[in-house]
Visitor: 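Before anything else, here's the structure in question.
These numbers come from the heavy atoms of this one structure, side chains and all, not from hydrogens, waters or symmetry mates. Since the model is a prediction, treat every value here as computed from it, not as a measurement.
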Amino acid sequence: MAEDLKYKFSGHQTFVFRYGWLEKGVRGVAQSPTLFSEDDALVRLGVGKNMVDSIRHWCQVTHLIETDREVKGNTGRHVRVTDIGRRLLLDEAWDPFLEDDASLWLIHWLLVSNLNVGTAWKLLFSRFHRPDFTRRELVEFLTRFAEKQSLKLSESVISRDVDCLIRSYAASTNGKKQASPEETFDCPLLQLDLIQPSPDGELYRFAIGPKPTLPAAVFAYAFAEYFDRTAGTSNTLHVQKCLYGEGSPGQAFKLDENSLIEYVEELEDCTGQAVTIDETAGLKQIYRRRPIDKLRILDDYYRGSRRR
C-alpha cells in the first residue's frame with residue numbers, strides 16, 4: 001500500500017471531537033479558509049483556544065478539510081473543505097448535522113484510513129489484531145511502533161493519545177447518563193459501539209461481528225477505496241485480505257467473515273454485478289468486473305434516506 005504518511009500523536013489537545021464540532025469547523029472553513037489562524041476564531045467558533053486547535057485537528061484527520069496546496073507558499077494557514085467534506089456537510093449536504101449513523105461510520109472510515117496523517121486511531125484499526133487490550137498494552141503497542149519509525153515521543157504523549165483514543169469509542173463505566181447525546185462531552189463515535197469496556201474499566205474488547213447500523217453504502221465506499229489502494233492492476237482480492245489486511249474494511253469495521261461476505265453480496269446487487277464473490281478450491285475471492293462508483297452509491301443512499 002503506497003502511502004506517504006506523517007504520523008501525529010498529538011493535536012487534539014486531549015479533547016475527543018464533540019457533537020457539532022466537525023460541522024462547525026467545516027462551515028467555518030468554507031466561509032473563511034484562514035479561520036483557524038484568525039484572532040477571532042475563538043469567538044466565531046464559540047470555544048476556547050485549545051478547542052479551536054482541536055477542532056482543526058479533528059477536521060483534518062477525518063479528511064473533511066485539508067491544506068490548500070493551490071495557495072502559493074502556504075504553510076498551513078490556508079485550508080479548504082475536501083470533496084467528501086463538501087458532499088457530506090455543505091452545498092446539497094448528504095447529512096448537514098450528522099444525524100444518520102451512516103455518517104458516523106463514514107467519518108470513522110475517513111479517520112482510520114487517512115493516507116496523509118497517521119494516528120493512533122489508524123494504527124488501532126489497521127495493525128492491532130488482538131480482540132482485546134488494556135490501556136497499558138495499547139501504550140506499549142504504540143511505543144514499539146514509534147520506536148520502529150524512529151519517532152521521538154515521550155510516554156506521557158502516547159499515554160494522553162491513548163486516553164483520548166479510548167474515550168472516542170468506549171463509554172465511561174461510571175454509570176452516569178445524560179438526557180441526550182448532544183448534552184454530553186462524549187464523542188459521537190461512541191454510538192458505533194466498536195469498543196466495549198469491561199465492568200471494571202480495565203479491559204477493552206472490540207465488538208467483532210455484524211454491524212446493524214453500518215449501511216452497505218458506507219461499506220461499498222470503504223471497499224472501493226481499499227481495493228483501489230491494494231489490488232493494483234489486479235481485479236481480484238482475497239476475502240481474507242479484505243477481512244484482515246492492513247487498512248482493510250474488515251479491520252476498520254471489525255467485521256467477521258460472514259458479515260463481510262454479506263456486505264459483498266449486497267454490493268453485487270447495488271452495483272449490477274460490478275463486484276462478485278467466488279470460491280475455488282476453498283479459497284474465497286472477490287472479483288471486480290468494473291470500477292465501483294463509490295460516491296454515486298453514497299449519494300443514492302442519502303437521497304433514499306431523506307425520502308424515508
Visitor: Is it true that the side chains of Glu257 and Gln240 contain a donor and an acceptor less than 3.5 Å apart?
Guide: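 Judged by distance alone, the side chains do pair up.
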Visitor: Less than 3.5 Å apart, which donor and acceptor atoms pair up between the side chains of residues 142-149 and the rest of the protein, not counting sequence neighbours?
Guide:
residue, atom, partner, partner atom, Å
Thr143, OG1, Val139, O, 2.7

Visitor: Treating Thr34 as the side-chain partner and Ser37 as the backbone partner, does any N or O pair qualify as donor plus acceptor under 3.5 Å?
Guide: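 No, Thr34 side chain to Ser37 backbone: no donor-acceptor pair under 3.5 Å.
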Visitor: Establish whether Leu194 and Leu203 are linked, either directly or via other cluster members, by ILVMFWY side-chain heavy-atom contacts under 4.5 Å.
Guide: no
Visitor: Which residue pairs pass the salt bridge (charged side-chain N to carboxylate O under 4.0 Å, His left out) test with at least one member in residues 152-166, sequence neighbours excluded?
Guide: Arg135-Asp163, Arg136-Glu155
Visitor: Are any side-chain N or O atoms of Asp68 and backbone N or O atoms of Arg80, one a donor and one an acceptor, separated by less than 3.5 Å?
Guide: no
Visitor: With hydrophobic residues grouped by side-chain heavy-atom distances under 4.5 Å, do Leu22 and Leu42 end up in a single group?
Guide: yes
Visitor: Before you tell me yes or no, could you show the steps for Tyr169 and Phe125 under ring pair (Phe, Tyr, Trp, His ring centres under 6.0 Å), namely the whole-Å CA-CA distance, both residues' side-chain angles and the distance that decides it to 0.1 Å?
Guide: CA-CA 12 Å; Tyr169 294 100; Phe125 286 94; 5.1 Å; yes
Visitor: Verify side chain to side chain contact (heavy atoms under 4.5 Å, CB included) between Val275 and Val264, making sure each step is shown before the conclusion.
Guide: CA-CA 8 Å; Val275 174; Val264 175; 4.1 Å; yes
Visitor: Is a side-chain donor or acceptor of Gln285 paired with a backbone partner of Glu279 at a separation under 3.5 angstrom?
Guide: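 No, because the side chain of Gln285 does not come within donor-acceptor range (under 3.5 Å) of the backbone of Glu279.
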Visitor: Do any N or O atoms from the side chain of Ser248 and from the backbone of Gly245 form a donor-acceptor pair under 3.5 angstrom?
Guide: yes
Visitor: Look at the rings of Phe227 and Phe223 and say which category their plane angle falls in: under 30° parallel, 30 to 60° tilted, over 60° perpendicular.
Guide: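 Perpendicular: the ring planes of Phe227 and Phe223 meet at over 60°.
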Visitor: Please confirm whether the backbone N or O of Asn114 pairs with a side-chain atom of Lys122, one donor and one acceptor, at under 3.5 Å?
Guide: yes
Visitor: Could you walk me through whether Phe185 and Tyr19 pass ring pair (Phe, Tyr, Trp, His ring centres under 6.0 Å), step by step?
Guide: CA-CA 8 Å; Phe185 295 141; Tyr19 287 88; over 10 Å; no
Visitor: Tell me whether Lys211 forms a cation-pi arrangement with Phe253, defined as NZ or CZ under 6.0 Å from the six-membered ring centre and within 45 degrees of its axis.
Guide: no
Visitor: Under a 3.5 Å distance rule, please check whether Thr67 uses its side chain to pair with a backbone N or O of Arg69 as donor and acceptor.
Guide: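 Here the side-chain-to-backbone pair does not exist.
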Visitor: Closer than 3.5 angstrom, by distance alone: can the side chain of Arg167 be matched with the main-chain N or O of Phe15 as a donor-acceptor pair?
Guide: no
Visitor: Using salt bridge (Lys or Arg N to Asp or Glu O under 4.0 Å) as the criterion, list what pairs up with Lys294, not counting sequence neighbours.
Guide: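 Checked Lys294 against salt bridge (Lys or Arg N to Asp or Glu O under 4.0 Å); matches are Glu225.
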Visitor: Taking the six-membered ring for Trp, are His12 and His57 parallel (under 30°), tilted (30 to 60°) or perpendicular (over 60°)?
Guide: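 His12 vs His57 ring planes: perpendicular.
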Visitor: Closest approach of Ser168 and Trp121, non-hydrogen atoms and distance?
Guide: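 Result for this residue pair: OG-NE1, 3.2 Å.
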Visitor: Enumerate the residue pairs fulfilling salt bridge (charged side-chain N to carboxylate O under 4.0 Å, His left out) with a member in residues 45-55, sequence neighbours excluded, ordered by first and then second residue.
Guide: Lys49-Asp53
Visitor: Taking side chain as C-beta onward, heavy atoms only, is Arg44 less than 4.5 Å from Glu38?
Guide: yes
Visitor: In the structure I gave you, are the side-chain heavy atoms of Leu90 and Pro96 within less than 4.5 Å of one another anywhere?
Guide: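 No, too far: nothing below the 4.5 Å cut-off.
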Visitor: Verify, without hydrogens or angle tests, whether Trp105 (side chain) and Thr213 (backbone) share a donor-acceptor contact under 3.5 angstrom.
Guide: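 Here the side-chain-to-backbone pair exists.
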Visitor: If we ignore hydrogens and angles and just use 3.5 Å, is the side chain of Asp95 paired with the main-chain N or O of Asp100 as donor and acceptor?
Guide: yes
Visitor: Are any side-chain N or O atoms of Ser259 and backbone N or O atoms of Leu255, one a donor and one an acceptor, separated by less than 3.5 Å?
Guide: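 Side chain of Ser259 to backbone of Leu255, a donor-acceptor pair under 3.5 Å: no, none is there.
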Visitor: Atom CD1 of Ile107 and atom CG of Leu88: how far apart are they, to the nearest 0.5 Å?
Guide: 5.5 Å
Visitor: Quick check: do Tyr301 and Val218 have side-chain heavy atoms less than 4.5 Å from each other?
Guide: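 Side chain of Tyr301 against side chain of Val218, heavy atoms only: no contact under 4.5 Å found.
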Visitor: What pairs with Asp293 under side chain to side chain contact (heavy atoms under 4.5 Å, CB included), at least two apart in sequence or on another chain?
Guide: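 Residues passing side chain to side chain contact (heavy atoms under 4.5 Å, CB included) with Asp293: Leu295, Arg296.
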Visitor: Under the rule for side chain to side chain donor-acceptor pair (under 3.5 Å), what residues qualify as partners of Glu266, not counting sequence neighbours?
Guide: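 Listed in chain order: nothing, the list is empty.
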Visitor: Please step through side chain to side chain contact (heavy atoms under 4.5 Å, CB included) for the pair Lys241 and Thr230, ending with a clear verdict.
Guide: CA-CA 10 Å; Lys241 185 171 184 179; Thr230 60; 4.1 Å; yes
Visitor: Could you check whether Arg303 pairs with Asp299 (Lys NZ or Arg NE/NH1/NH2 to Asp/Glu carboxylate O, under 4.0 Å)?
Guide: yes
Visitor: Just checking, is any N or O donor in the side chain of Ser103 or Trp94 under 3.5 Å from an acceptor N or O on the other one?
Guide: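 There is no such pair between these side chains.
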Visitor: Is Leu124 linked to Leu110 within one hydrophobic cluster, defined over Ile, Leu, Val, Met, Phe, Trp and Tyr using a side-chain heavy-atom separation of less than 4.5 Å?
Guide: yes
Visitor: Will you find, in the side chains of Glu70 and His78, an N or O donor that is under 3.5 Å from an N or O acceptor?
Guide: no
Visitor: Count I, L, V, M, F, W, Y as connected when their side-chain heavy atoms are under 4.5 Å apart, and connections chain through other members. Are Ile65 and Val47 then in the same cluster?
Guide: yes
